[in-house]
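Proteins get letters first, then strands, A, B, ... in listed order; numbering begins at 1 in each. Here the structure is a predicted model, which means the values were calculated and not measured. Scope of the values below: all heavy atoms of this structure, side chains included, with no hydrogens, waters or symmetry mates.
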Number of protein chains: 2
Amino acid sequence: MVADAVHVVVTRNGLEAASLRNVAEEAGLAIGSIRHYFTGHDELLIFALQELGRRVSERVWAHAETILGEARADRRRHTEDLLAEFLPLDAARHDELVLWHEFAMAARTRPALLAQANETHQILQDLVIRTVRGAQAAGGLPADLDVEVEGIRLRALLDGLGMQAVLFPQRFPPELQREVIRRHLDSLVRTGAGDVREERQQ
Amino acid sequence: MVADAVHVVVTRNGLEAASLRNVAEEAGLAIGSIRHYFTGHDELLIFALQELGRRVSERVWAHAETILGEARADRRRHTEDLLAEFLPLDAARHDELVLWHEFAMAARTRPALLAQANETHQILQDLVIRTVRGAQAAGGLPADLDVEVEGIRLRALLDGLGMQAVLFPQRFPPELQREVIRRHLDSLVRTGAGDVREERQQ
DNA sequence: TAATATTTAGCACACCCATGCGAAATAGGG
DNA sequence: CCCTATTTCGCATGGGTGTGCTAAATATTA
């Protein structure tokens with residue numbers, strides 16, 4: 001697939017290197033061949049981004065169905081595994097994360113990519129929120145938890161941790177990443193949203 | 001300053017647009033003039049990154065001295081303000097965050113930038129850890145907290161939240177960002193590292 | 001087989017890029 | 001003023017890029 005070629009080039013040399021020429025060479029095709037399917041450079045990138053979003057969503061959602069379905073004793077472990085899908089714990093997830101960051105960052109200055117990036121982000125955000133809600137419904141989390149905010153907080157944590165682990169791998173070995181997830185889940189389990197607001201005043 | 005020109009161009013059009021020509025035009029100079037100071041394109045970018053790191057560190061550390069010094073009654077509020085320096089709550093912080101993300105991402109495929117990016121990241125990470133440690137020493141946080149891990153977790157949260165807020169501003173209004181910070185600090189205050197590990201087994 | 005559609009390939013163009021180099025302008029010290 | 005050092009400038013070169021367009025090759029259908 002030509003999308004794979006884009007992904008390889010972007011992963012290896014960054015999005016700015018994803019020229020028609022480089023992609024064509026990586027795919028073993030001629031420039032004109034690629035341009036037969038994509039009328040312009042933007043369309044190629046949009047397609048590659050769509051394909052990325054499709055794969056990530058598919059993989060993570062498949063993982064999610066295991067946990068969101070019926071109640072199970074090892075829910076906690078499955079939850080950790082699900083969240084671990086957002087982190088670069090192996091080469092596959094590392095590359096997917098790199099791709100996502102490259103495209104998402106590029107979307108800031110390339111309006112053509114923005115819609116697709118937004119959609120992908122939303123899908124994953126919803127998944128995280130659902131996971132939190134599911135854990136709450138299963139009784140593992142305090143009932144008074146603000147699921148929306150906690151979902152956003154958890155997603156932000158995963159995103160930031162994944163980002164840093166990609167940029168500075170030596171500083172964030174897999175075990176440290178897992179420990180951070182565990183700590184966060186622990187704090188969710190043990191903390192109610194509660195009445196902290198009064199205490200907070202002083 | 002020529003560094004400002006780089007920053008403006010990168011903020012507006014992304015790092016890939018920071019060519020000698022664009023930067024020179026933004027600075028009101030000729031290409032050759034810039035090349036008199038920087039022997040190549042890489043050196044220009046490295047300098048701009050150094051300058052960015054310097055400014056960010058300076059600003060955030062100045063904010064930090066207020067809080068790390070003596071004990072004060074309104075420590076919680078100052079802590080929130082300090083952490084808010086990592087989020088795009090106004091135009092200045094927004095732009096600084098954009099610059100940081102652009103450079104940090106580029107450092108992945110440009111070894112020339114990696115050292116400087118690493119150093120800047122480390123400085124800020126240390127600051128966050130010190131903040132957590134300070135809060136712990138001041139008695140606001142449980143004594144059995146793992147300061148290192150909590151510092152990393154907090155920094156990851158800030159980084160991820162900042163990233164998403166930059167990419168999808170409409171989804172992350174300032175008040176939501178502040179609420180996430182408050183929630184996180186609340187959870188830190190109320191959660192011990194404790195003996196969750198046994199419960200976790202099942 | 002013959003005619004047609006689909007896919008692949010390659011060339012030409014105009015544009016932007018980093019860099020090398022020498023000339024022009026400006027500033028500073030004698 | 002003159003001489004020198006510093007700074008600014010612009011041209012030339014070689015390479016990369018997206019895109020328009022046409023020709024060739026292949027597959028599909030009649």
Side-chain angles (χ1 to χ4, degrees), chain A residues 1-52 98-99 102-117, chain B residues 1-52 98-99 102-117:
Chain A
M1 186 75 76
V2 57
D4 289 314
V6 178
H7 291 170
V8 170
V9 173
V10 172
T11 305
R12 188 178 50 214
N13 296 327
L15 191 80
E16 68 176 22
S19 65
L20 289 183
R21 282 174 173 77
N22 290 345
V23 171
E25 185 185 18
E26 178 67 37
L29 296 176
I31 307 177
S33 303
I34 292 186
R35 289 210 54 216
H36 178 254
Y37 298 95
F38 307 97
T39 63
H41 188 222
D42 282 355
E43 291 200 17
L44 174 65
L45 294 187
I46 292 175
F47 175 73
L49 175 54
Q50 281 175 338
E51 185 66 15
L52 172 66
V98 165
L99 286 172
E102 291 280 349
F103 278 106
M105 286 285 301
R108 188 183 68 87
T109 49
R110 302 200 206 192
L113 298 175
L114 222 158
Q116 185 62 35
Chain B
M1 185 76 77
V2 57
D4 290 313
V6 178
H7 291 171
V8 170
V9 173
V10 173
T11 304
R12 188 179 49 214
N13 296 326
L15 191 79
E16 67 175 21
S19 66
L20 290 183
R21 280 174 172 73
N22 290 346
V23 171
E25 186 184 17
E26 179 67 36
L29 296 175
I31 307 176
S33 304
I34 292 186
R35 289 210 56 216
H36 179 254
Y37 300 94
F38 307 96
T39 63
H41 188 222
D42 282 355
E43 292 199 16
L44 175 64
L45 294 187
I46 292 175
F47 174 73
L49 176 53
Q50 282 175 338
E51 185 64 15
L52 172 67
V98 165
L99 286 172
E102 291 279 349
F103 277 106
M105 287 285 302
R108 189 183 67 87
T109 48
R110 302 201 206 190
L113 299 175
L114 222 158
Q116 185 61 34

Take Leu15(B) and Arg110(B) through the side-chain contact (heavy atoms from CB on, under 4.5 Å) test and state the conclusion after the steps.
-> CA-CA 12 Å; Leu15(B) 191 79; Arg110(B) 302 201 206 190; 4.0 Å; yes
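- Closest of all the heavy-atom pairs between Ala18(A) and Val10(A) is CB-CG2, 3.8 Å.
- Taking atom CD of residue Glu43(B) and atom P of nucleotide dA18(C), one finds them 14 Å apart after rounding to whole Å.
- The minimum heavy-atom distance between Asn13(B) and Thr109(A), with the atom names listed, is C-CG2, 3.6 Å.
- One interatomic measurement links the two molecules: CG of Leu44(B) to P of dC17(C), which rounds to 13 Å at whole-angstrom precision.
- Atom P of nucleotide dT8(C) and atom CG of Leu20(A) are separated by 15 Å, given to the nearest angstrom.
- Judged by distance alone, with hydrogens and angles left aside, Arg35(B) brings no side-chain donor or acceptor close enough to the base of dA18(C) to form a pair under 3.5 Å.
- The separation between Glu25(B) atom CD and dC16(C) atom P is 11 Å, rounded to whole Å.
- Residue Leu29(A) is classed as a sugar-phosphate contact, given heavy-atom separations below 4.0 Å to backbone atoms only.
- Between Asn13(B) atom CG and dC17(C) atom C1' the separation is 16 Å, expressed in whole Å.
- A sub-4.0 Å separation between OP1 or OP2 of dC17(C) and a side-chain N or O of Ser19(B) is present.
- The backbone N or O of Leu20(B) sits nowhere less than 3.5 Å from a side-chain atom of His41(B) that would complete a donor-acceptor pair.
- For Glu43(B), the salt bridge (charged side-chain N to carboxylate O under 4.0 Å, His left out) test picks out no residue, with sequence neighbours left out.
- Along DNA chain D, the stretch of nucleotides lying under 4.0 Å from any heavy atom of chain A spans, 5' to 3', dT17(D) to dG20(D).
- Atom P of nucleotide dG20(C) and atom CD1 of Ile31(B) are separated by 14 Å, given to the nearest angstrom.
- Here the closest non-hydrogen pair linking Leu113(A) and Leu49(A) is O-CD2, 3.7 Å.
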Can you list the steps and then say if Leu44(A) with Val2(A) is a side-chain contact (heavy atoms from CB on, under 4.5 Å)?
-> CA-CA 9 Å; Leu44(A) 174 65; Val2(A) 57; 4.1 Å; yes
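- Using a 4.0 Å heavy-atom cutoff across all strands shown, Asn22(A) reaches sugar-phosphate atoms only and no base atom.
- Within the nucleic acid shown, His36(A) comes within 4.0 Å of at least one base atom, counting heavy atoms only.
- When all heavy atoms of Ile34(A) and Ala24(A) are compared, the closest pair comes out as CD1-CA, 3.5 Å.
- The phosphate of dT7(C) has neither OP1 nor OP2 within less than 4.0 Å of any side-chain N or O from Ser33(A).
- Contact check, Tyr37(A) against dT8(C): a side-chain N or O comes under 4.0 Å of OP1 or OP2.
- Among the nucleotides dA12(C), dC17(C), dT7(C), the one closest to any side-chain atom of Arg21(A) is dA12(C).
- Residues Val23(A) and Ala5(A) share a closest heavy-atom pair of O-CB, 3.8 Å.
- Ring geometry for Phe103(B) against His7(B) counts as perpendicular: the plane angle is over 60°, on a 0 to 90° scale with 30° as the lower cut.
- The bend of the helix from dT1(C)-dA30(D) to dG30(C)-dC1(D), defined by the angle between the axes of its first five and last five pairs, stands at 0° to the nearest 10°.
- The nearest whole Å value for the distance from the NE2 atom in His41(B) to the P atom in dC17(C) is 9 Å.
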